[in-house]
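Reviewing the structure listed below.
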Amino acid sequence: MVMMFKLSLHLSVIGFLLTLCTVNSAYDIAIYGATPGGIAAAITAARLAPSFSIVVIEPTVYIGGMSTAGGIGLRDLGTEATIVGSVAQDWVNNNYKYYKNVSHPIYQPDMNISRQSFLDLLSVHSNIQLITNTGPVIGKSVVMNGTRIVQITTNTKQRVWNADVWIDASYEGDLVRFSSASFTWGRESHVQYNESLAGVQPYTTFANFIPNYPVNATLDNGTMAPYVSREKLGPVGSADSNMMGYSYRLCLTPTKAKQAPFVKPNNYDPNSFIILQRYIQSLMATGHYPQGPPFGKLVDILIFRGYPDGDKFDMCDSFGSAFTSDAININRNYVNGTTEDRLDIAQKVSDYVLGMLWYILTSPLVPEATRKSLENYGLCNDQWPENQHIPPQLYVREGLRLVNENVFTQNHVVSGLCRNDTVALGSWVHDIHVVTRTANGSYVNNEGAMFKEIARVNGSQSEGVFEIPYSILLPKRSEVTNLLVPVCHAASHVAYSALRVEPHFMMLGGAAGYAAAYSILDGYIDVQSVNINRLQERLLQDGVLLHYPRGHCD
């Protein structure tokens, strides 16, 4: 047996203390990824089985994924009642204790408080070990015994991990990828699952360049401009391997005392932003912005949800802009690439996001009004100081997706539709950011974006709430029988667009944690054989709603 060292987190009255201790690398339940979904899974498993040894394996030095290292908390939530009784509700209610004279839930706190709140919740359970900076799982290291994952090795110090049940809570889905589970990425055709919104999308003015003021796609020498793909789109409705753009959600503030200066990226090249410049000129040509569009026209500046001071914002891609903070056409090979490939993509996305801002601030071609509107903001000087105040977590809006016998599709994302296998409620829309930027003739064209309400049963009183089944977490029984997948779960591209937000990941993580514990308590049964009624009873005991509104499906 190989003995390893870890940093064990213990909270005290004045904070937490990091102590070095020796741990065994064999566990009852191992969770790969300290994302919000992974943390929720650890907590629910520990609640049900306090004698189990549970480990959360985090490849980076950060915990909390997009809710902490990525800067968005749990902001993307439509109906707040859908997280009642869950670890997600525990977290938003724990956040406000760190602010003076505040008693309302805070969905998007300061990032140091976000992290501390997760640590608070984990510290309640002495049988959870949180081990960070392990490096990613080494693909060839995943050892299978029939349909069961037995062992993996992570990159840092080649640490070996053994567990009876595994939960892949990572944004990349690497346990899925390197086990025997089926998976996919990109877009299905509209005929594969009979989805009206699937596949390559027809031309639309939504999130696109202005029809009467088009932007030329090529440079003077005839080559394609940066950030415009040379590839041709397939027919409308056809499948492809493209995914919506990735980004970094910067924290911005207009309060001078809280500002840090914007950062010039190491690989900055002003010539990379010729499409941005042409787009600014097209906006001016419309007559709506004769002095230059404000920065808030190019990006969405979203106030931190519930943040009491009201002066912190996260910078998001805008559906009202054609050239914004999403890095389009850059994430190819992220899902199936090497660690080096992913680091390269993350660097290119960072160069794009920071470069866009630097171009607006420094290019003599940018109108003064546009530049000055950005100068009103700065990076938040108390967020990620170790990383130049830039969020270290790349926003991987979609990675790979599990494929099983019951893939969740557009036809299942229906408000008011009752199920008997529900373990979580969803409350978001079909939210797909721009997928491709290509040339339509000689002009630039964005494609794939949509922000559409979900379907509703006639007469539904469920608002925009839909039910999510247990089956979404499960690989095929013939492939892997001790793995649960709350983040890269079994959904089509269109369905995933309504599922891909952190509150949903936490709800599904909570269900996965209970299911993992039950699979051991009931005699090491396959996760596909866990008694769904028993799992639902436990969720109901916590106060989680399985139908909305309460009593809707009685």
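The residues of the chain are indexed from 1 along the displayed sequence. Computed over heavy atoms, backbone and side chain alike; hydrogens, waters and symmetry mates excluded.
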Provide the closest heavy-atom pair for Leu394 versus Ser247 in the form atom of the first, atom of the second, distance.
CD1-O, 3.6 Å
With distance as the sole test, does His504 use its side chain to make a donor-acceptor pair with the main-chain N or O of Leu499 at under 3.5 Å?
yes
Closer than 3.5 angstrom, by distance alone: can the side chain of Thr44 be matched with the main-chain N or O of Ala41 as a donor-acceptor pair?
yes
Residues Ala491 and Tyr496: closest non-hydrogen pair is CB-N, 4.0 Å
For a 4.5 angstrom cut-off between non-hydrogen side-chain atoms, does Arg534 reach Asp522?
yes
Using side chain to side chain contact (heavy atoms under 4.5 Å, CB included), reason through Tyr470 and Leu484 one step at a time and then give a plain yes or no.
CA-CA 10 Å; Tyr470 177 61; Leu484 294 135; 3.6 Å; yes
Checking Gln201 side chain against Gly199 main chain: does a donor-acceptor pair fall under 3.5 Å?
yes
Roughly how far apart are Tyr524 OH and Asp164 CG, rounded to 0.5 Å?
5.0 Å
How long is the straight-line distance from NE2 of His190 back to OG of Ser196, given to the nearest 0.5 Å?
10.0 Å
I'd like to know if the side chain of Asp120 pairs up with that of Tyr98 as donor and acceptor (distance under 3.5 Å, no hydrogens or angles considered).
yes
Decide if atom CD of Glu453 counts as having more than 12 heavy atoms of other residues, nucleotides or ligands within a radius under 6.0 Å.
no
Step by step, would you call Ile149 with Val142 a side chain to side chain contact (heavy atoms under 4.5 Å, CB included)?
CA-CA 7 Å; Ile149 301 173; Val142 178; 4.1 Å; yes
Backbone N or O of Pro475 within a donor-acceptor pair of the Gln528 side chain at under 3.5 Å?
yes
Could Asp90 and Arg47 be called an ion pair, given the rule that one side-chain N must be under 4.0 Å from one carboxylate O?
yes
For Ile167 against Pro486, the heavy-atom pair lying closest together
CG2-CD, 3.7 Å
Do any N or O atoms from the side chain of Gln383 and from the backbone of Met111 form a donor-acceptor pair under 3.5 angstrom?
yes
Between Asp174 and Arg342, does at least one N-O distance fall below 4.0 Å, as a salt bridge requires?
yes
Using a 4.5 Å cut-off on heavy atoms from C-beta on, say whether the side chain of Ser86 contacts that of Trp91.
no
Within 6.0 Å of CG in Asn533, more than 12 heavy atoms from elsewhere
yes
Does Asn127 reach the main-chain N or O of Pro50 with its side chain, forming a donor-acceptor pair under 3.5 Å?
yes
I'd like to know if the side chain of Glu502 reaches the main chain of Ser67, judged simply by a donor and an acceptor atom lying under 3.5 Å from each other, with no hydrogens or angles considered.
no
Hey, could you give me the CG/CG distance between Asn482 and Asp526, rounded to the nearest 0.5 Å?
8.5 Å
Can you tell me how far apart CH2 (Trp185) and CG (Asp240) are? Round to the nearest 0.5 Å.
12.0 Å
Quick one: does Phe505's side chain get under 4.5 Å of His489's, heavy atoms only?
yes
What heavy-atom pair brings Leu535 and Ala511 nearest, and what distance separates the two atoms?
CD1-O, 3.8 Å
Test item: Val429 and Phe451 side chains (from C-beta on) under 4.5 Å apart, heavy atoms:
yes
Atom CG of Asp344 and atom CD1 of Ile330: how far apart are they, to the nearest 0.5 Å?
10.0 Å
Nearest heavy-atom pair of Gln108 and Gly73: which atoms, and what distance?
CG-N, 4.1 Å
Return yes if a side-chain donor-acceptor contact under 3.5 Å exists between Gln151 and Thr153, otherwise no.
no
Side chains of Thr147 and Thr481: donor-acceptor distance under 3.5 Å anywhere?
yes
Pick from His412, Glu188, Arg401, Glu195: which one makes a side-chain hydrogen bond (donor to acceptor under 3.5 Å, both in side chains) with Ser492?
Glu195
Regarding Ser529 and Arg477, is there a side-chain donor-to-acceptor distance under 3.5 Å anywhere?
yes
Tell me if the NZ atom of Lys452 is crowded by more than 12 foreign heavy atoms within 6.0 Å.
no
In the structure I gave you, are the side-chain heavy atoms of Tyr62 and Gln393 within less than 4.5 Å of one another anywhere?
no
Smallest heavy-atom separation, Phe466 atom then Ser427 atom, equals CE2-N, 3.9 Å
With a cut-off of under 6.0 Å to the ring centre and 45° to the axis, is Arg305 in cation-pi contact with Tyr107?
yes
Can you tell me if Ser462 uses its side chain to pair, donor with acceptor, with the backbone of Tyr548 under 3.5 Å?
yes
Side chains of Tyr32 and Trp166: does their closest heavy-atom pair fall under 4.5 Å?
no
Just to verify, which of Thr82, Thr422, Val423, Leu508 counts as forming a side-chain contact (heavy atoms from CB on, under 4.5 Å) with Ile468?
Leu508
Under 4.0 Å between a Lys/Arg side-chain N and an Asp/Glu carboxylate O for Arg177 and Asp168?
no
Does Gln89 reach the main-chain N or O of Ala81 with its side chain, forming a donor-acceptor pair under 3.5 Å?
no
Under 3.5 Å: donor-acceptor pair, side chain of Asn93, backbone of Pro105:
no
Within a strict 4.5 Å, meaning less than it, do heavy atoms of the Phe183 and Leu402 side chains meet?
no
Is it the case that more than 12 heavy atoms not belonging to Gln461 sit under 6.0 Å from its CD atom?
no
Distance-only polar pair, side chains of Asp542 and Tyr514, donor-acceptor under 3.5 Å:
yes
Quick one: do Tyr307 and Tyr99 satisfy side chain to side chain contact (heavy atoms under 4.5 Å, CB included)? Show the steps, please.
CA-CA 9 Å; Tyr307 179 68; Tyr99 295 93; 3.9 Å; yes
Would you check if there is a donor-acceptor pair between the side chains of Asn112 and Gln116 at a distance under 3.5 Å?
no
Less than 4.5 Å apart, side chain to side chain, heavy atoms only: is that true for Leu343 and Gln347?
no
Run the side chain to side chain contact (heavy atoms under 4.5 Å, CB included) check on Leu483 and Ser179 step by step: do they pass?
CA-CA 9 Å; Leu483 174 65; Ser179 68; 4.2 Å; yes
Gap between atom CE of Met244 and atom CZ of Arg187 - 0.5 Å precision
10.0 Å
